[in-house]
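Inspection log for the structure reproduced underneath, given as structure tokens.
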Amino acid sequence: MRYIFFLIGILCMSITSCNNPAIPEPMSEQSIEGKIAIAIHGGAGNLKKLNLTEAQEAEYKAVLDSALNAGYAVLKKGGTSIDAVEATIQVMEDSPLFNAGKGAVFNHDGKNEMDAAIMNGADLSCGAVAGVQHVKNPIRAARVVMENSEHILLTAKGAEDFVSQFGVQFVDASYFYTDLRWQQLKEAIAEDSVKLDHDGKKASAQFTIEQLREEKFGTVGCVALDQFGNIAAGTSTGGLTNKRYGRIGDAPLIGAGTYANNNSCAVSCTGRGEDFIRNTIAADIAAQVEYLKIPLDSAVHHSIQEKLKATKGRGGCIAIDRFGHISMSFTTTGMYRGWIDCEGKREVSIY
Ligand code: ASP
């Protein structure tokens, strides 16, 4: 009886999948090949219907739709999941609505410091940049590090100097200025809502409870499955408004905010990075799938709704496996998100 309830629970949690919505049947390589699917997020947070006008909601959904279209078009033409992830994220980075690229938030000093990572589940190759200030599309820079460097994560000037040799587009820091983000910074400073430790005595306890409740995280991410049965993940972010300069979040840390491995799943996270780092959320989900052989939904649910929540972590994630199962979960009231499953069914939603 308990087993039946367990199965029903798992079925209810499933958002979408190719065959059985909950438990991937062991499939031959051949039956995996040919399926394509994609999922995206545009950040989690205290998102309530009350806070967005219909017009604003439509604007967000339009960008999510275009992002999905960009990635799906790559997959449909027979492109790779890593190409789809990059193409999708670039669309969201170019929109001022999301906290990545053009819409990146300001740090305490009024600067934009962006982080991004990309990972290929086929061979575990990955690349990341952190604290870049002049790269138009940080996800491109992450890809360049992945493909041209023997390293995985490059930061700040070192990252910019390196990627400048590979045709990455640079912009003046003023490109990232938006009135909305500047206003948010002024409010955060006025409320002292991110308590920065300027004298270096207290590195922790940076947020008031009120600020955590109100906070919206606008990081963008994508996970995809290509027709070759390979999965990939990418995440790009401006980090947290009013963050201390030099602070690096979870997005560029492989295993924390971003991870992909064909043997388990591809994951992209959003939320207060420190919580994701201390719980190594992306790696935690993948490890459960790989070692416990449990369905993706169960692993995602455990890591987000139990593990992350146990440390009062706020945020969520999207995940995909090579069977095309898509799963997502968040502890906040909403998460901008969308997906196209391997039957071509699509959905974009916020709350
Ligand atoms: N995870 C990001 C960070 O902490 C923020 C976000 O998701 O918006 O840098």
Side-chain angles (χ1 to χ4, degrees), residues 40-47 60 64 89 92-93 95-108 111-118 128-133 138-139 142 153 155-156 176 178 180-181 184-185 188 193-194 196 204 206-207 211-223 233-259 267-283 303-304 308 311-319 328-337 350:
I40 58 173
H41 71 75
N46 189 13
L47 300 163
Y60 277 101
L64 292 172
I89 289 182
M92 291 189 279
E93 284 180 335
S95 163
L97 297 181
F98 298 99
N99 172 19
K102 172 69 185 150
V105 298
F106 288 105
N107 69 10
H108 182 71
K111 303 235 165 79
N112 308 97
E113 291 181 313
M114 295 162 286
D115 304 337
I118 194 161
V129 293
V132 293
Q133 295 188 31
I139 197 70
L153 171 60
T155 65
F176 300 104
T178 59
L180 173 71
R181 298 302 187 206
Q184 284 174 338
L185 173 64
S193 55
V194 177
L196 294 169
S204 59
Q206 299 190 325
F207 290 83
Q211 205 260 339
L212 275 176
R213 282 201 195 109
E214 287 312 309
E215 203 163 28
K216 294 184 183 65
F217 307 102
T219 290
V220 305
C222 177
V223 293
T235 316
S236 179
T237 185
L240 301 176
T241 301
N242 203 15
K243 67 185 178 181
R244 187 181 179 121
Y245 84 87
R247 177 264 187 192
I248 293 171
D250 59 316
L253 302 183
I254 299 301
T258 308
Y259 191 70
V267 183
S268 170
C269 302
T270 173
R272 186 175 184 244
E274 285 70 7
D275 303 325
F276 286 78
I277 296 168
R278 80 177 95 252
N279 286 301
T280 55
I281 290 293
S303 297
I304 299 292
L308 185 69
T311 55
K312 299 197 173 29
R314 296 187 73 243
C317 77
I318 54 172
M328 32 188 90
S329 183
F330 43 94
T331 65
T332 46
T333 54
M335 180 168 81
Y336 295 104
R337 60 199 185 280
I350 302 177

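In each ligand, atom 1 is the first atom listed, and ligand 1 is the first ligand listed. Start at 1 with the first residue, then count along the sequence. These numbers come from a predicted model, not from an experiment.
Remark: Asn107 pairs with Glu113 by the side-chain hydrogen bond (donor to acceptor under 3.5 Å, both in side chains) rule, at least two apart or across chains. By the side-chain hydrogen bond (donor to acceptor under 3.5 Å, both in side chains) test, Gln133 is found to be paired with no residue, residues two or more places apart in sequence or in another chain being considered.
Near Asp250, meaning under 4.0 Å from one of its heavy atoms, ligand 1 places the atoms 1 (N), 2 (C), 3 (C), 4 (O). With ligand atoms numbered from 1 in the order given, ligand 1 contributes 1 (N), 2 (C), 3 (C), 4 (O), 5 (C), 6 (C), 7 (O) to contacts under 4.0 Å with heavy atoms of Gly271. Ligand 1 places these atoms under 4.0 Å from at least one heavy atom of Gly249: 9 (O). Those atoms of ligand 1 that come under 4.0 Å of a heavy atom in Gly218, given as number and element, are 8 (O). Contact atoms of ligand 1 toward Thr270: 6 (C), 7 (O), 8 (O) (distance under 4.0 Å to a heavy atom of the residue).
Polar contact with ligand 1: present for Gly273 (N/O pair, distance under 3.5 Å). Checked against a 3.5 angstrom limit, the closest N/O atoms of Cys269 and ligand 1 fall outside it. Below 3.5 Å of separation, one finds an N or O of Thr219 facing an N or O of ligand 1.
Using a 4.5 Å heavy-atom cutoff, the side chains of His41 and Thr219 are in contact.
Side chains of Thr333 and Asn46: a donor-acceptor N/O pair is present below 3.5 angstrom, by distance only.
If you look at Arg247 next to ligand 1, the close heavy atoms, those under 4.0 Å, all belong to the side chain.
Between Tyr60 and Phe98, the two ring planes are perpendicular [angle over 60°; tilted spans 30° to 60°].
Here Lys243 does not pair with Glu274 in a salt bridge; the nearest charged N to carboxylate O distance is not below 4.0 Å.
Of the residues Thr258, Asp115, Thr270, the one that meets the side-chain hydrogen bond (donor to acceptor under 3.5 Å, both in side chains) test with Thr235 is Thr258.
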